[in-house]
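Treat the numbers as computed from the prediction; the structure is a model and nothing was measured. Below, chain A is the first sequence line, B the second, and so on; all start at residue 1.
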There are 2 protein chains.
Amino acid sequence: MTEGKEFTERKVVYEEKMNKLYDKLQQMGSLVEESIARSIEALKTQNQELAQVVIDGDDLIDDLEHEIEEKCLEVIATQQPMAKDLRRVATLFKIINDLERMADYATSIAKITLRIADQPLIKPLIDIPRMTAISQKMVKQALDAYVREDVELAAAVGKDDDEVDKLFGQIFRELLTIMMENPKTITQATHLLFVGRWLERISDHATNIAEEVIFLVTGEKRNLND
Amino acid sequence: MTEGKEFTERKVVYEEKMNKLYDKLQQMGSLVEESIARSIEALKTQNQELAQVVIDGDDLIDDLEHEIEEKCLEVIATQQPMAKDLRRVATLFKIINDLERMADYATSIAKITLRIADQPLIKPLIDIPRMTAISQKMVKQALDAYVREDVELAAAVGKDDDEVDKLFGQIFRELLTIMMENPKTITQATHLLFVGRWLERISDHATNIAEEVIFLVTGEKRNLND
C-alpha cells in the first residue's frame with residue numbers, strides 16, 4: 001500500500017468514526033436538554049418524583065461523557081488525525097465537558113425542588129421557564145453549529161445569551177423586591193435566585209461551545225459573552 | 001534509524017515537552033490561586049482597585065489556557081503519544097479548562113465587590129476567607145497530584161471539598177438569619193451568598209481535577225464529591 005493510499009483510507013475511517021461520535025454527541029445533547037427542561041418542569045409543578053428522575057439520570061450523562069471521551073482518544077490514537085481533524089476531536093472533547101456541567105446544574109436545580117417542594121411557590125414562575133426555553137434552544141443550536149461547522153449559527157447562540165442575562169437581571173430584581181416586602185419568603189427566594197443563576201451558567205456553557213465552534217472554523221477567539 | 005530507536009527518541013522528546021507543559025500548568029495554577037485570593041481580599045477590604053486587577057487579569061489566564069491547549073495538540077500531532085501518554089495530555093487539556101473556570105468565578109466575585117463597595121459590609125467576613133484558604137490549597141494540591149500522579153494527594157482534595165461544603169452551609173444559614181432580622185441587608189446578603197457559592201464551585205473544580213488524576217493513574221472513576 002502506498003503512503004498516499006494509506007492516508008486516504010485512514011481519512012475515510014476517521015470520517016466514519018467522527019460521524020458515529022457526532023451521533024453520540026447529539027444523544028448526549030438530547031439527554032442534557034431533557035434534563036434541563038425536566039428540572040424546571042419539576043420546580044414549576046413541585047413534582048418531587050420528576051426532580052428525582054433528573055437527579056438519577058445524571059449518572060447516565062456522566063457515563064456517556066466518559067464513553068465519548070474514550071472514543072475521542074481512540075480516534076486520536078488509531079487514526080492520528082492532523083491539523084483541523086485533530087482540532088475537531090479536541091473540540092468535541094471540550095464540548096462534552098460543557099454538556100456534563102450543564103447536566104450538573106440541572107441536578108442542582110432538581111435538588112432545590114426537593115428542598116422547597118413542601119411549601120407553596122412564592123410566585124408563579126414565568127421568567128424562569130422563559131430562560132429555560134432559551135437555554136435549551138442554545139444547547140441544541142450550539143451542537144448543531146459544531147456538527148455543521150456553522151459560524152453564523154454559533155454567533156446566534158451568543159445573542160441568545162444576552163437575552164438570558166437580561167432575564168436573569170429581571171428575576172434578580174423581582175425576587176429582591178419580594179424578599180424585602182415579606183421576609184418570610186427569603187429562604188425560598190434565595191433558592192429561586194440560585195435557580196436563575198444556574199440557568200444563566202447553563203447558557204454560558206452553551207456560549208462556550210459556540211465560541212469553540214467559531215475558533216474551530218475560523219481560528220479566531222471571539223468572546224460572545226460580553 | 002530503526003523503529004525502536006525512533007520510538008525511544010520520540011518518547012524522550014515527549015517527556016521533555018510534557019515537562020515544559022507542567023511548568024506552564026503550574027504558572028497558570030499560581031495565577032488562578034492568586035486571582036481567587038485577591039478577589040476575596042478585595043471583597044473583605046472593599047478594595048475596588050484590587051477587584052479591578054482581578055477582572056483585568058482574567059484575559060492573561062484565558063491566553064495561558066489557550067497557549068497550553070495549542071501546545072497539547074502540538075504534542076499529540078508531533079509525538080503521537082499512545083495509551084497512558086496520550087491520556088496524560090488529554091487530562092492536562094481538561095485540567096486547564098477547570099482552572100479557567102475557577103478564574104471566571106474569581107472574576108464574578110470581583111464584580112460583586114465592585115457592586116457592593118459603596119456600602120459597609122453587613123458582617124465581618126470570617127467563614128468566606130476560611131473557604132477561600134481551603135479552596136486555594138485544594139487547587140495547589142490537585143495540580144501537584146496531577147504532576148506527581150499521586151492518588152493519595154488527589155483523594156485528600158476530596159476531603160477538603162467536604163469541609164468547603166460544610167462552611168458554605170454555615171454561611172448560607174447565617175446570611176438567611178441576617179436577612180430575616182433586617183430586610184435592609186437583603187441585597188448585599190444575596191451577593192455574599194453568591195460569593196459563597198462561587199467558592200464552593202471553585203472547590204468543585206479542584207475536586208474534578210483530583211478525580212481526573214485518580215482516573216489517569218488507576219483507571220477508576222471515583223466520585224469525590226458526595
Side-chain angles (χ1 to χ4, degrees), chain A residues 58-59 62-63 65-66 69-70 72-74 76-83 85-87 89-91 93-94 96-98 100-101 104-105 108 172-173 175-191 193-194 196-198 200-201 204-205 208 211-212 215 221 223 225, chain B residues 58-59 62-63 65-66 69-70 72-74 76-83 85-87 89-91 93-94 96-98 100-101 104-105 108 172-173 175-191 193-194 196-198 200-201 204-205 208 211-212 215 221 223 225:
Chain A
D58 196 45
D59 281 347
D62 286 349
D63 289 348
E65 184 205 11
H66 187 208
E69 256 179 39
E70 292 303 307
C72 285
L73 293 183
E74 202 187 294
I76 293 173
T78 59
Q79 309 310 313
Q80 295 169 357
M82 301 296 277
D85 288 343
L86 175 57
R87 200 172 286 282
V89 187
T91 304
F93 202 83
K94 295 185 77 173
I96 54 173
N97 196 249
D98 280 298
E100 188 260 325
R101 296 276 155 83
D104 279 349
Y105 286 120
S108 296
F172 196 93
R173 286 186 298 273
L175 286 170
L176 283 188
T177 309
I178 293 176
M179 284 193 258
M180 287 182 199
E181 281 168 4
N182 180 5
K184 277 188 191 145
T185 63
I186 286 176
T187 305
Q188 191 187 115
T190 54
H191 284 303
L193 267 183
F194 279 122
R197 265 291 193 204
W198 300 159
E200 196 213 4
R201 288 278 159 181
D204 282 347
H205 281 286
N208 277 341
E211 288 172 351
E212 287 298 329
F215 182 67
K221 279 266 166 195
N223 191 352
N225 200 8
Chain B
D58 196 44
D59 282 347
D62 286 350
D63 289 347
E65 184 205 11
H66 187 208
E69 257 180 40
E70 292 302 306
C72 284
L73 293 183
E74 201 188 294
I76 292 173
T78 57
Q79 309 309 314
Q80 295 170 356
M82 302 295 279
D85 288 343
L86 175 57
R87 199 172 286 283
V89 187
T91 304
F93 202 82
K94 296 185 76 173
I96 53 173
N97 195 249
D98 279 298
E100 187 261 325
R101 297 278 153 84
D104 279 349
Y105 286 118
S108 297
F172 195 95
R173 285 186 299 275
L175 286 170
L176 284 188
T177 308
I178 292 175
M179 285 193 259
M180 287 181 199
E181 282 169 2
N182 180 4
K184 280 188 191 145
T185 63
I186 285 175
T187 306
Q188 189 184 118
T190 54
H191 284 302
L193 267 182
F194 279 122
R197 265 292 192 205
W198 300 158
E200 196 213 2
R201 288 278 160 180
D204 282 347
H205 281 285
N208 277 342
E211 287 172 352
E212 287 298 329
F215 182 67
K221 278 266 167 197
N223 189 351
N225 199 7

Q: Just jot down the side chain to side chain donor-acceptor pair (under 3.5 Å) partners of B:Q79, sequence neighbours excluded, or say none.
A: none

Residue part contacting chain A, namely of [X], when any heavy atom lies under 4.5 Å:
| X | value |
| --- | --- |
| B:E100 | neither |
| B:D62 | neither |
| B:T187 | both |
| B:S108 | side chain |
| B:R173 | neither |
| B:M82 | side chain |

Quick one: closest heavy-atom pair of [X] and [Y], and the distance?
| X | Y | value |
| --- | --- | --- |
| B:N182 | B:T185 | O-OG1, 2.7 Å |
| A:T190 | B:F172 | OG1-CZ, 3.8 Å |
| B:L193 | A:F194 | O-CZ, 4.0 Å |

Q: With sequence neighbours excluded, tell me which residues meet ring pair (Phe, Tyr, Trp, His ring centres under 6.0 Å) with A:F215.
A: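 If we apply the ring pair (Phe, Tyr, Trp, His ring centres under 6.0 Å) test to A:F215, skipping adjacent residues, the hits are B:H66.
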
Q. Quick one: of B:I76, B:N208, B:I186, B:V89, who has the most non-hydrogen atom pairs under 4.5 Å with chain A?
A.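 Of the candidates given, the most pairs with chain A belong to B:I186.
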
Heavy-atom pairs under 4.5 Å with chain B, option from [options] with the top count:
| options | result |
| --- | --- |
| A:P183, A:C72, A:A77 | A:A77 |
| A:R87, A:R101, A:E69, A:K184 | A:R101 |
| A:M179, A:K221, A:E181 | A:K221 |

**Q.** Parallel, tilted or perpendicular: ring planes of B:F93 versus A:F93, cut at 30 and 60 degrees
**A.**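 The arrangement is perpendicular - the two ring planes meet at more than 60°.
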
(Q) Which residue is it: B:N97, B:D104, B:D98? I am looking for the one with a side chain to side chain donor-acceptor pair (under 3.5 Å) to B:H205. (A)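 By the side chain to side chain donor-acceptor pair (under 3.5 Å) criterion, B:H205 pairs with just one of B:N97, B:D104, B:D98: B:D98.
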
